[in-house]
Visitor: 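Pasting a structure below so you can have a look.
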Amino acid sequence: MPKAYDPRETEPRWYDVWEKSGLFRATGKPGDPRETYVVAIPPPNVTGSLHMGHACRVTFEDVLIRHKRMAGFDTLWMPGIDHAGIATQVVVERLLKAEGKTRHDLGRAKFLERVWQWKEQSGDRILMQQRKLGASCDWERTRFTMDEGYSRAVREVFVRLYEEGLMYRATRLVNWDVETRTVLSDLEVETEENVQGELFEFAYPVEGGGEVVVATTRPETMLGDTAVAVHPDDPRYTHLHGKFVTHPFAERRVPVICDGVLVDMAFGTGVVKVTPAHDPNDFATGKRHQLEELSVIGLDGKMTEACGEFAGLDRFAARKAVKARLEVLGLARGSKPHTMTLPRSQRSGTVVEPMISTQWFVKMEPLAGPAIEAVEQGRVQILPEEWTKTYYHWMRNIQDWCVSRQLWWGHEIPAWHCEDCAHINVARTAPTVCGECQSTKLVQDPDVLDTWFSSALWPFATLGWPDKTPELERYYPTSDMETGFDILFFWVARMIVMGLHIMGEVPFRRVLLAGLVTDERGEKMSKVKGNVVDPIDVLGGSTLEALLEKATAGGAKPSGLEYLKKTYPEGFAAYGADALRMTLLSYAPAQRKIALSIKRIEGYRNFANKLWNATRYALGKLENSGAVATGKRPNATALANRWVLSRLDVAIAAANLGLDEYRFDDASGALYHFVWDELCDWYLELSKPLLQSDDAALVAETRAVLVHVLETSVRALHPMMPFVTEELWSRLPKAPGHAQACIVAPYPQSGLDAVRDESAERELSELQQVIVAVRQVRSENEASPAKRLAITLEPPDAAAHTLWSAGLAGLAGAVTNSDLTLAATGTKTDAAVDTAVAVAGAYRVLVHGVVDLAKEKARLEREVTKLDKDLASIAKKLDNEGFIARAPADVVEKERARRAELIEQRTQLVAALGKLG
RNA sequence: UGGCGCGUAGCUCAGUGGUAGAGCACUACCUUGACACGGUAGGGGUCCCCGGUUCAAUCCCGGGCGCGCCAACCA
């Protein structure tokens with residue numbers, strides 16, 4: 001067995017074994033008596049390559065699944081890929097652009113062929129990358145949101161909603177992305193804050209003389225102004241009520257209206273230009289006053305025919321031109337800087353243009369009610385709980401959902417427009433004649449559906465709905481939905497809505513929301529910043545040169561490259577999937593940010609190596625002994641053996657609890673600390689003298705405990721670190737009839753695989769205190785651990801004496817490399833000048849032959865200072881009458897006992913100090 | 001403007017009404033037969049500030065300051 005663990009060899013080998021042996025598969029058999037546990041993966045975009053966010057999803061979900069699989073559930077982890085409408089179309093259009101073509105050159109059918117072609121060649125890449133992280137999905141069930149069956153589900157839901165009056169077509173002011181030329185839902189619009197813009201003022205001449213000055217950040221929209229509004233109570237403008245102003249470019253009379261909702265008297269001039277066709281507030285105002293909605297910006301972002309001399313200009317060019325013309329006409333009234341927020345498209349980044357357009361909408365209010373109720377009643381639990389408030393807030397203020405998109409790549413809308421009577425025929429299959437006029441001139445709606453509309457059906461569409469499949473029967477509702485909090489509205493809320501409405505049942509029992517993975521400074525990873533850490537590089541390692549090259553290719557800024565050089569001067573070692581997984585798990589999942597640090601990954605790489613070497617040690621000690629892990633807790637009599645089983649029990653209990661309650665940090669932390677701080681630091685050290693004992697029964701017991709504890713620890717860690725644990729498990733000697741592999745071995749249970757033994761813990765902690773005291777003296781006085789020390793130990797009472805004479809004395813001597821003499825109970829040895837006196841709990845430890853008296857004095861003084869500090873804080877309580885009178889009796893008693901012990905310790909140390917002079 | 005959250009060691013973060021923790025970093029010593037991807041010992045904190053409740057507050061409550069996210073938004 002090599003001295004250091006190398007994940008590069010182990011990981012692909014075991015993954016292959018698991019997958020080929022069918023160990024990831026759910027049975028799917030209706031008769032299987034096991035309870036089910038189901039997770040539907042948040043499907044990554046087909047355009048995507050694995051990033052840290054995905055790695056986080058894969059890790060968390062794989063941990064959940066592996067834990068439940070080992071715990072005996074019939075587990076199904078449903079994998080898949082999302083067709084990602086806009087993102088994918090943009091990528092393929094970019095490819096075409098390189099060939100000097102647009103999608104319009106190809107036409108719709110040819111273009112879609114190209115997208116499918118592209119999907120075939122790159123679609124599986126991310127699935128392969130998920131495997132590298134150890135994802136134990138049931139791969140044979142992999143679904144794509146544009147599969148034939150899935151499309152049927154989408155169509156079915158659309159038609160049903162339409163039939164129920166919940167899907168409707170309407171002309172509204174919508175968010176328009178002029179770059180990709182499609183409508184966006186409210187959620188796809190992001191606001192850029194603190195943009196420095198200008199507030200431009202100009203005058204409208206009032207009919208019959210005078211003028212009113214209005215202000216705007218978008219001068220070009222004045223071409224579509226169909227009113228000027230003042231506040232009805234504004235005394236400055238009462239003379240304008242009922243008047244008209246003249247539009248300087250169009251031959252148009254524009255009415256002055258009074259509107260208390262739109263106008264804020266205190267802002268600007270108190271007069272507002274009203275452009276109903278291009279502003280949400282103005283749109284609402286227009287409805288209130290029956291104003292004309294004049295569209296002046298076209299879907300292509302250019303000014304429309306209605307704009308006269310400005311027609312055809314790009315919206316931003318038109319802004320300049322309008323301003324210039326107003327200057328010429330003498331109507332400009334200056335401008336001032338203005339801080340504002342800009343709505344931008346999440347996809348293209350372009351400024352979103354409010355436009356009047358006819359689109360398909362889902363009526364959300366009737367659907368939101370049950371979705372709120374389901375959470376209120378606990379049928380869906382959201383963790384961390386704080387998010388439920390956010391969920392309610394959004395659901396209670398819900399707006400109708402615009403679901404049509406002017407794209408080619410996506411689910412086609414199952415609606416056919418009649419060219420003769422304009423009737424809209426919504427149907428599951430293409431109709432041949434119009435249901436209204438029997439005309440055969442039917443044209444399918446050219447739009448596709450919002451990708452999130454199909455995603456909303458994910459938990460049941462993946463299981464075969466609308467067919468009544470056995471899978472659907474067995475695995476719906478799913479168990480946990482684990483995902484990033486950033487898509488709570490986009491996806492989770494909509495899945496709950498659709499699950500309840502279509503299936504009549506929640507889509508999952510729990511929602512587990514995780515934070516965003518950022519770089520170690522807490523900054524979002526972005527190609528431009530150059531701080532993207534590719535999970536695959538972490539697994540297999542990468543040089544700084546390769547990292548820089550990749551960042552450069554990704555378009556990183558020079559400052560980003562500097563950051564890379566500074567932060568990762570050595571590049572990455574091959575840390576392995578287990579190390580990355582443990583690192584991600586070590587952060588509290590609910591944190592808003594998971595600030596991933598490479599140093600931390602290195603720490604868990606070291607942990608994997610620690611576990612590897614603990615096993616290496618054990619295998620050496622077990623060789624040819626016939627000791628095997630039986631899967632049953634061995635009987636233990638020796639203190640160290642009882643103790644390690646007790647500590648293992650505590651760790652197992654914490655691991656199970658943490659895994660059940662979405663506290664992966666607690667679960668992984670408990671096992672990490674058990675393995676490193678207790679198993680390796682204490683038990684393995686104590687086992688060395690035990691295994692050298694002449695007592696054959698003791699040696700046999702210790703071997704049995706050693707192999708059991710290690711094998712159980714490995715099983716307990718498996719969900720988190722599947723690769724190294726599978727490898728070690730395969731090497732550990734096991735009794736016949738054991739499980740096929742660690743991945744399907746039973747998950748350890750508190751009380752079964754280990755058992756709490758409080759007296760063993762108490763007694764061993766005394767041993768630890770004594771050992772630490774000796775080490776402290778050694779470290780302070782005589783650096784060399786090679787020097788053998790002579791020690792006298794004074795036990796506080798007869799019981800302690802018995803314990804130590806029964807074996808602890810030998811252990812302590814062996815571990816501290818010293819000859820330990822156990823003093824008779826009640827002896828107070830008069831310490832010689834070269835003897836250091838240490839106090840370990842109630843024990844007095846005398847270390848003889850100490851050379852450096854000055855250092856020993858310093859050590860004692862430090863100890864006394866610390867005791868004084870502790871005593872002062874206790875005194876503050878015990879001297880307080882209120883504390884004695886009102887604090888619980890056991891708390892008071894505890895403080896008194898502690899004070900007594902500290903005073904005794906102090907007395908001992910002061911006496912020792914006196915000896916030193 | 002509203003909602004949610006955060007402020008704890010140099011850094012990244014756990015945590016609790018009664019003794020303040022981890023990982024990394026730091027200091028000293030140690031290549032001991034599992035492991036230098038290691039061991040032993042050690043240094044390091046006004047738990048953001050001000051009030052209140054309490055015998056006792058880092059924790060609960062109120063206010064402030066700073067920061068983040070989400071939602072809304074004045075042309």
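Protein chains get the first letters and strands the later ones, always in sequence-line order, with residue 1 at the start of each. Computed from a prediction, not measured in an experiment: that's the story for all the values here.
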Visitor: Can you give me the closest heavy-atom contact between W682(A) and I771(A), atom names plus distance?
Guide: CZ3-CD1, 3.8 Å

Visitor: Need the pair for G43(B). Rule: Watson-Crick or G-U wobble, both distances under 3.5 Å, any strand; none if unpaired.
Guide: none

Visitor: NA contact type, N880(A), heavy-atom cut-off 4.0 Å: base, sugar-phosphate, or nothing?
Guide: sugar-phosphate

Visitor: Would you kindly give the CG-to-P distance between N609(A) and C35(B), to the nearest whole Å?
Guide: 10 Å

Visitor: Hey, does the side chain of W676(A) come within less than 4.0 Å of G39(B)'s phosphate (OP1/OP2), counting only N and O?
Guide: yes

Visitor: Look at the side chain of R778(A) and the base of U40(B), then say whether one donor and one acceptor between them are separated by less than 3.5 Å.
Guide: no

Visitor: Regarding S185(A) and E188(A), is there a side-chain donor-to-acceptor distance under 3.5 Å anywhere?
Guide: yes

Visitor: For K273(A) and T221(A), test the side chains for any donor-to-acceptor distance below 3.5 angstrom and give the result as yes or no.
Guide: yes

Visitor: Please measure how far the C1' atom in G15(B) lies from the corresponding atom in U53(B), and state the result in whole Å.
Guide: 23 Å

Visitor: G51(B) and G44(B): how far apart are their P atoms, nearest whole angstrom?
Guide: 28 Å

Visitor: Assuming nearest nucleotide by heavy-atom distance, tell me which of K599(A) and K3(A) is located more 5' along RNA chain B.
Guide: K599(A)

Visitor: Assign F489(A) to base, sugar-phosphate, or nothing according to its heavy-atom contacts below 4.0 angstrom with the strands shown.
Guide: sugar-phosphate

Visitor: D681(A) near the nucleic acid: base, sugar-phosphate alone, or nothing, with a heavy-atom cut-off under 4.0 Å?
Guide: sugar-phosphate

Visitor: Please state the P separation for the pair C24(B) and A41(B) - nearest whole angstrom.
Guide: 15 Å

Visitor: From CG of D6(A) over to P of C35(B), roughly how many Å is that when rounded to an integer?
Guide: 17 Å

Visitor: Would you mind classifying the nucleic acid contact of R218(A) as base, sugar-phosphate or nothing, using non-hydrogen atoms under 4.0 angstrom?
Guide: nothing

Visitor: If A34(B) has a Watson-Crick or G-U wobble mate with both distances under 3.5 Å, name it; if not, just say none.
Guide: none

Visitor: Classify the side chain of K389(A) versus the base of C4(B) as yes if they form a donor-acceptor pair under 3.5 Å and no if they do not.
Guide: no

Visitor: What is the per-nucleotide protein-contact pattern of nucleotides 8-18 of chain B, from the 5' end, where B denotes a base atom under 4.0 Å from a protein heavy atom, S denotes such proximity for sugar-phosphate atoms only, and - denotes neither?
Guide: ----BSSS--B

Visitor: Please determine whether a side-chain nitrogen or oxygen atom of N606(A) lies at a distance below 4.0 Å from atom OP1 or OP2 of G38(B).
Guide: yes

Visitor: Please report the distance, rounded to the nearest Å, between CG in D677(A) and P in A41(B).
Guide: 11 Å

Visitor: Can you list the residues that meet the salt bridge (charged side-chain N to carboxylate O under 4.0 Å, His left out) rule with E211(A), with sequence neighbours excluded?
Guide: R333(A)

Visitor: Determine which nucleotide pairs with A57(B), using a 3.5 Å limit on both distances of a Watson-Crick or G-U wobble pair.
Guide: none

Visitor: Is a side-chain donor-acceptor pair under 3.5 Å present for S335(A) with E198(A)?
Guide: yes

Visitor: Please work out which of the three classes, parallel, tilted or perpendicular, describes the rings of Y672(A) and F607(A), given edges at 30° and 60°.
Guide: tilted

Visitor: Starting at the 5' end of RNA chain B, which residue's closest nucleotide do you reach first, L684(A) or K273(A)?
Guide: L684(A)

Visitor: For G62(B), which nucleotide is its Watson-Crick or G-U wobble mate, given both distances must be under 3.5 Å?
Guide: C50(B)

Visitor: Return the nucleotide paired to C67(B): Watson-Crick means purine N1 to pyrimidine N3 with N6-O4 or O6-N4, wobble means G-U with N1-O2 and O6-N3, both under 3.5 Å.
Guide: G5(B)

Visitor: On a heavy-atom basis, which atom in A812(A) and which in L767(A) lie closest, and how many Å separate them?
Guide: CB-CD1, 3.8 Å

Visitor: Please report the distance separating the P of G10(B) from the corresponding atom of C49(B), rounded so that it comes out in whole Å.
Guide: 14 Å

Visitor: Does C37(B) have its OP1 or OP2 closer than 4.0 Å to a side-chain nitrogen or oxygen of R605(A)?
Guide: no

Visitor: Kindly point out which of C69(B), A34(B), A41(B) is positioned nearest to the side chain of R775(A)?
Guide: A41(B)

Visitor: Quick one: list whatever passes side chain to side chain donor-acceptor pair (under 3.5 Å) with Y204(A), sequence neighbours left out.
Guide: D225(A)

Visitor: If the cut-off is 4.0 Å, is Q776(A) near the phosphate of G42(B), judged by side-chain N/O to OP1 or OP2?
Guide: yes

Visitor: Return the value, rounded to whole Å, for the distance between atom CG of L513(A) and atom C1' of C69(B).
Guide: 14 Å

Visitor: Ignoring hydrogens and angles, state whether a donor on the side chain of Q905(A) or E901(A) is under 3.5 Å from an acceptor on the partner side chain.
Guide: yes

Visitor: Expressed as a whole number of angstroms, how long is the span from E780(A):CD to U27(B):P?
Guide: 18 Å

Visitor: With both distances under 3.5 Å as the test, what is the Watson-Crick or G-U wobble partner of U19(B)?
Guide: none

Visitor: In whole angstrom, give me the gap between the C1' atoms of U32(B) and A22(B).
Guide: 28 Å

Visitor: On the 0 to 90° scale, with breaks at 30° and 60°, tag the F572(A)-Y575(A) ring pair as parallel, tilted or perpendicular.
Guide: tilted

Visitor: Taking atom C1' in both G42(B) and G3(B), compute the distance separating them and give it to the nearest angstrom.
Guide: 47 Å

Visitor: Nearest to the R862(A) side chain among G42(B), C4(B), C30(B), which nucleotide is it?
Guide: G42(B)

Visitor: Round to the nearest Å and state the distance from L732(A) atom CG to A34(B) atom P.
Guide: 17 Å

Visitor: Rounding to an integer number of Å, can you tell me how far K869(A) NZ sits from U46(B) C1'?
Guide: 13 Å

Visitor: Out of C37(B), A34(B), U19(B), which has the shortest distance to the side chain of A4(A)?
Guide: C37(B)

Visitor: Measure from OH on Y683(A) to P on C35(B) and round the result to the nearest Å.
Guide: 19 Å

Visitor: Between K688(A) and U32(B), is there a side-chain N or O to OP1/OP2 distance below 4.0 Å?
Guide: no

Visitor: Checking all strands, does E190(A) fall into the base, sugar-phosphate, or nothing category for heavy-atom contacts under 4.0 angstrom?
Guide: nothing

Visitor: Return the OH to CG distance between Y587(A) and D665(A), rounded to the nearest 0.5 Å.
Guide: 11.5 Å

Visitor: For G45(B) versus C61(B), give the span between their C1' atoms, rounded off to a whole number of Å.
Guide: 25 Å

Visitor: On a whole-Å scale, what distance lies between the P atoms belonging to A14(B) and A9(B)?
Guide: 12 Å

